[in-house]
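Heads up: the structure comes next, in C-alpha cells.
Per chain, numbering begins at 1; letters A, B, ... match sequence-line order.
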There are 2 protein chains.
Amino acid sequence: MASPVFLGLDFGTESVRALLVDAKGNEIGLATSPFPHGQIIDHLPGSQQPLPPLSAFQNPRDWLSSAAKATRAALRKANIEGDAVVGIGVDFTSCTMLPTKSDGTPLCLLDEFASDPFAWPKLWKHHGAQKQTDRINEVARARREPLMDRYGGVIGLEWFFPKVLETLEKSPKVYRATDVWLEAGDWFVWQLVGGTASNLSRSTCQAGYKGMWSATDGFPNPAFLKAIHPQLENVVATKMPGQLVPPGVAAGGLTKQMAKKFGLKEDTPISAAIIDAHAGVPGAGAATPGTLVMVMGTSSCHMLNSDVERNIPGVAGVVKDGILPGFYGYETGQAAVGDAFDWLKKLTGQKDFLELGRDAANLPPGSNGVLCVDWLNGCRTPLMNGELKGAFVGLGLQHRPAHLYRSLLEGSAFGLKWIVELLREGGVEVRKFIATGGLPHHNPLVVQVYADVLGETILVHPSKQGPALGAAILGSLAAGAFPSPNAAIRAMAMKSENIATYKPIKSNRKVYDSLYLEYRRLGEFLSSRDK
Amino acid sequence: MASPVFLGLDFGTESVRALLVDAKGNEIGLATSPFPHGQIIDHLPGSQQPLPPLSAFQNPRDWLSSAAKATRAALRKANIEGDAVVGIGVDFTSCTMLPTKSDGTPLCLLDEFASDPFAWPKLWKHHGAQKQTDRINEVARARREPLMDRYGGVIGLEWFFPKVLETLEKSPKVYRATDVWLEAGDWFVWQLVGGTASNLSRSTCQAGYKGMWSATDGFPNPAFLKAIHPQLENVVATKMPGQLVPPGVAAGGLTKQMAKKFGLKEDTPISAAIIDAHAGVPGAGAATPGTLVMVMGTSSCHMLNSDVERNIPGVAGVVKDGILPGFYGYETGQAAVGDAFDWLKKLTGQKDFLELGRDAANLPPGSNGVLCVDWLNGCRTPLMNGELKGAFVGLGLQHRPAHLYRSLLEGSAFGLKWIVELLREGGVEVRKFIATGGLPHHNPLVVQVYADVLGETILVHPSKQGPALGAAILGSLAAGAFPSPNAAIRAMAMKSENIATYKPIKSNRKVYDSLYLEYRRLGEFLSSRDK
C-alpha cells in the first residue's frame, strides 16, 4: 500500500488550492483552481441589475467544482492515485455564509430566489450590514451580554449574525424561506460527507470567532436575539441545526458521489472546517501552547493556542477548540501592515522597497526621532476601533522617506508588543514567536525590527502554503494518523532546516523599550482625539 | 531741479541691492552686486586653515565696494545723476556684527589679526555661540532679569551678546584689542557719515531685537553681564560707544570721500540702519499701526507696529522705534514655511508644486481628516523652542501627498492664527494683514488658506523689493521729504492697483475654527513630549 497522503483544501476569495502532503510533511502535489464566478460584486450571474454598494457574493457551485478540479490536478502532479489520500482538511474564508433549504440546497440555486441577491452566499468582505452590526452592539451593551467579554466588547461587521439580520430586514422572503443558515466552510463539508441538516457539523472555529458561540454558553440566547429583532428570537433553534465539531475532528467520510467527483476514495474522513487564517497556526508548526503565530500580510492576524481561558478586553476572540482540539484559541490582529507599507511607498513616490528598505536598515533604532502610530486602517487589537487613524510625530526638515518607513515598521512592532503585553498581563503565556504569510519572506527588516522591539527570537516558517498545510494536518488528525495535534504538527510542519531565525539585537532593546512608552502615550492621545 | 529720488541699500547674505525710487513710489533703477568673498565658511581669505564648524563670516570691504558698485549701476539704469538722490536708507542682515578699532577699522583688516577668525565680522547665521547662548539664558533666568520678558523668555543663538561672549572666550586677544563692538549695518552707516566712535549711530532696531536693548532700560546692566562673565561687566560702557537712533532718523550726511565713491552728493542724509526683514514693513505699505506684515519665505517673519507696549510671553521682541520712529515694533515668526513645503514636495517625490497644489486646492478644508503641526524646524512664536518637531495625525490608507500638503498649509495657517490671537489677547490690536516676500506670489493657495483660517482679508503686496523699498522710504524720512512715516508709506508703497486681495470664504470658517482647537491640543501634546 502507498504511504498515507493528506489533502488540504484552502479556500480563498478568488480560488481554491489543493495541497497533498505526506506524513513527513513533504508537499507532493499542489494545484489551484479559480472560481468561475470569482467575487460577485457588480451584478448577479445572468443579470444586469447593479448590486447594492458594499455587496460581495459568491456562487456555491464554484466551491465544489473548483475544489474537485484542483484536487484532481494535484493528484496528477503528485502522480498518485486518489486511494493514497487518507484524510481531508478544509479551510475557508469566514464569515462567508449562506441560506439553504433543509437538504442543503442553496436558495440562490432555486429559480424562485436566483434573482434575489440575499439568496446568494455573502462573502466575508460583504459590508452591507453596518446598521445591523451597530444595532447588535447597542443591544448587547445595553443588556450587558456576557458574551461581549469574549470579543473585546465589539461584534464585527463581517460576522454571522449581522449578515443574518441584514437579510431578515432587507429580504424577509428569503429569510422566511431559509431552513438552514450556515458558514460556507460548513456547507462545503456537509456536501462532502452528506447526511441530514440536524447532523451537519458546524466548526467550533467559525462558530466561536464569527458566530458568537462558546462551548459554555452556546449561540446567543433567545432573549438577546429577540431584543435585537423579534423575528430573530428562535433563529438558533429553528434555522441553525447541526452539531459543533472542532477542527481536527472528523465531520464524516466522503460520500460515494463526492468521492467520484473528486477522484478520491469513498469514506475518506474529513475534518470539520477551519477559518483560513487559523489553519495557518498548525501550518506554521505551532505545536505547543504559548506559540504566537503571526500571519503577516496586508493586515496581520496573530493567533495563539493556550491551556487557559482568559477574557481579555481587546482580544477579538477566545474560543475553546477554536484552532486545535483541546486548546483555547486566541485571535488578535493589526489592521494595516503590508497595506500600510505599500501606502508609504506610494506616498513617497518610491518605485519599490529596495532602496527604501536599504536606507531604513542603515538608520538607527528610533528613526532619528520619528515616531509612528500604525493605525492607518484603524486599530484592531486591543482598541477594536476602525475609526482610529495613524500618525507620524517628531518630524523635522532633515527626515527622508526612509525615516518615515523605518518608523512605520517600528510602529507596527510596537503595536504587536502591545498585543503580547496584553496577553501576558491577562494571564496567557506567550513563549515562542513564529512569523508566516508573504510579508516576512519579502521583508527581513520588519522581522528584525519586530524581534528587537519584542526582545524575542522570531522564527520565519518557510511554508508558502501555511493554511493549506494546516488543513492537511487537520485532515491527518481527522484520519487518526497521529496520536495528537502536537505529534502531527511536529511531523508535518517543522522541517527545521528551512526555518529562518531572527534574534533580537540587545543594544537596540533599551531604545525601543523607551520608545514603546512614547508610542503608548501617543496612541492614548490619538484615541482621546477620536472621542 | 530733478524730482527727488531716494536710495535703498538692501544688504543680503550674498549680495547687496541698490534701489532708486521716486516720491511717488516708482522704482526707477535697480542693481545688484554680489560680495566678492560671499559667505566665508570654509577658510579665511588667503588661508587654507579650515574654519571651526558652524562658522560664517564676511569681509567688511565687500560691503562698501559692492554697495558703491550697485549704486552706480542703479544710477546708470535710472539714467539720472547722483545729485537727484536726496535720501539714503540701509537695511542689513542681523545680527551680523564685528569688532573694530576706535576709528572704525575692522580688526580683520589689521595684519596682526587677519588670520584670527574671531577678528572677522560674524554673519547672522554664524552658529558658534551655542554654549554662550545657553549660559546667558541660564544666568538671565536665574537672576530673573526683567529684559527676558521682552523676548518671550529666550535669548537667541544668533544675537549680539552671545557672539561677543564667544570671542571673549575663544579669542581673548581679539576681545582685548577691540575698541568697538557693533552691528554691521551700523558700521556701514558709520563709514558713510564719518565721525567719532562716540557719535556713531546704533540702530534702535538692531539693538532692540538682537542686542537686548530697550528705550527704557538700555543695554543689559553690568551686574547681569558680570554674572555671565567677569570681563563682560563693563563691555557696554567701554566697548559699545555711540548713540541709539531709530530707523527713519538721519544718522548724518554722506562724507565727501564716500560721496565720491558712491557717485552721490556730499551731505546726503542717511537713515540709521534697519534689519532687512523689518524694512519689509514700510516696504509692504504698512502705514498704520495694527497692520501685520507677513514676510513669507523659507521661514516667515510677522511684524507689526503698534501704539502700545505690551510684554507678551512668546513674542520674540517688542522694541520702541524698532521698525518706524514713534511706534512699538513687534516681531514674531514661524521657523519653517516655504522650507517645510519644499520638504514635503521632496518627501513625496513630486517634481514641482503644480500638481500637488491643484490636487490640494480641490480637497475640502480639513484635508479629509489629516491634521498637521508645522514645527518641522521648531516653533519660533510663541513657544520659542527650536527642538520641537512637526507631526501629521489623522492619517489613513486613503490619503495622498495632496492631503499631507494641504494639511501642512493649514497647519502653517493655524500657527499664524495662534500668533495673531496671542497679540490680540495681549492687548495689541491686529486690524489688517499684508503678505509679502516671494512665497505669496508663487503660492496663492497658501494665502487663501491663511485668509480662511484667520477669517480675515489678506492683501498681497506686489513689490519684489520690499526691504529695498522700505529702506528707500526710511531714506525719504531721513531727508525730511514727508511729514510722517504714514505719509511716506502712503505715497511710496501703496500703489493699490497692484495689490491682490484674498477674502476669507465664510463656509470654511467653521471647519477651521474647530480644527484650530485640535491643532492647539496636538501642539500641547507635542510640546509635552519634549519635556
Side-chain angles (χ1 to χ4, degrees), chain A residues 298-299 335-351 355-356 368-379 386-405 407-408 411 515 517-519 521-530, chain B residues 298-299 335-351 355-356 368-379 386-405 407-408 411 515 517-519 521-530:
Chain A
T298 306
S299 62
V337 182
D339 248 10
F341 305 167
D342 282 339
W343 170 82
L344 188 80
K345 184 188 72 167
K346 205 175 155 197
L347 183 83
T348 55
Q350 308 285 310
K351 259 177 294 186
E355 207 186 309
L356 205 54
N368 290 136
V370 183
L371 177 67
C372 171
V373 165
D374 55 321
W375 299 341
L376 280 307
N377 193 24
C379 175
E387 299 302 311
L388 289 174
K389 291 282 180 287
F392 288 93
V393 304
L395 293 168
L397 296 175
Q398 71 278 23
H399 292 127
R400 302 184 303 275
H403 290 93
L404 275 74
Y405 178 55
S407 75
L408 176 56
L515 278 177
L517 298 178
E518 293 199 40
Y519 171 92
R521 272 194 66 210
L522 178 54
E524 203 174 307
F525 173 79
L526 295 175
S527 41
S528 80
R529 283 188 76 222
D530 190 55
Chain B
T298 307
S299 62
V337 182
D339 247 11
F341 305 167
D342 282 340
W343 170 81
L344 188 81
K345 184 188 71 166
K346 204 176 155 195
L347 184 83
T348 55
Q350 307 286 309
K351 257 178 294 184
E355 208 186 309
L356 204 54
N368 291 137
V370 184
L371 177 67
C372 169
V373 165
D374 56 321
W375 299 340
L376 280 307
N377 193 23
C379 175
E387 299 302 311
L388 289 173
K389 292 279 180 286
F392 289 92
V393 305
L395 292 168
L397 297 175
Q398 71 276 25
H399 292 126
R400 302 183 304 275
H403 290 93
L404 275 72
Y405 178 55
S407 75
L408 176 57
L515 279 178
L517 299 178
E518 293 199 40
Y519 171 91
R521 271 193 68 210
L522 177 54
E524 202 174 309
F525 173 79
L526 295 175
S527 39
S528 79
R529 283 188 77 223
D530 191 53

* To do: Output, in order, the C-alpha distance, side-chain angles, deciding distance and verdict of side chain to side chain contact (heavy atoms under 4.5 Å, CB included) for A:D339 and A:S299.
  => CA-CA 7 Å; A:D339 248 10; A:S299 62; over 6 Å; no
* **Aromatic ring pairing B:F341/B:Y405, orientation class (parallel under 30°, perpendicular over 60°, tilted between)** => perpendicular
* **A:L371 versus chain B, the contacting section by heavy-atom distance below 4.5 Å** => side chain
* Considering all heavy atoms, the nearest A:L395-B:W343 contact -> CD1-CH2, 4.2 Å
* Based on non-hydrogen pairs under 4.5 Å, which of A:G349, A:G378, A:G394 is most in contact with chain B? -> A:G394
* To do: Working to the nearest 0.5 Å, report the span between NZ of A:K389 and CG of B:N368.
  => 10.5 Å
* **Interface residue of largest heavy-atom contact number with chain A, from B:H399, B:K346, B:Q350, under 4.5 Å** => B:H399
* Would you mind telling me which of B:G369, B:P401, B:A340 has the largest number of heavy-atom pairs within less than 4.5 Å of chain A? => B:P401
* Asked: Should the ring pair A:Y519 and A:W375 be called parallel, tilted or perpendicular, given that the plane angle runs from 0 to 90° and is split at 30 and 60?
  -> perpendicular
* Which answer fits A:E518, side chain, backbone, both or neither, if we ask what part of it has an atom under 4.5 Å from a heavy atom of chain B? -> side chain
* **A:L404 versus chain B, the contacting section by heavy-atom distance below 4.5 Å** => side chain
* Closest non-hydrogen atom pair between B:N377 and B:A335, with its separation -> O-CB, 3.3 Å
* Structure fact -> Most contact-rich option vs chain A, by heavy-atom pairs under 4.5 angstrom, among B:G390, B:A391, B:C372, is B:G390
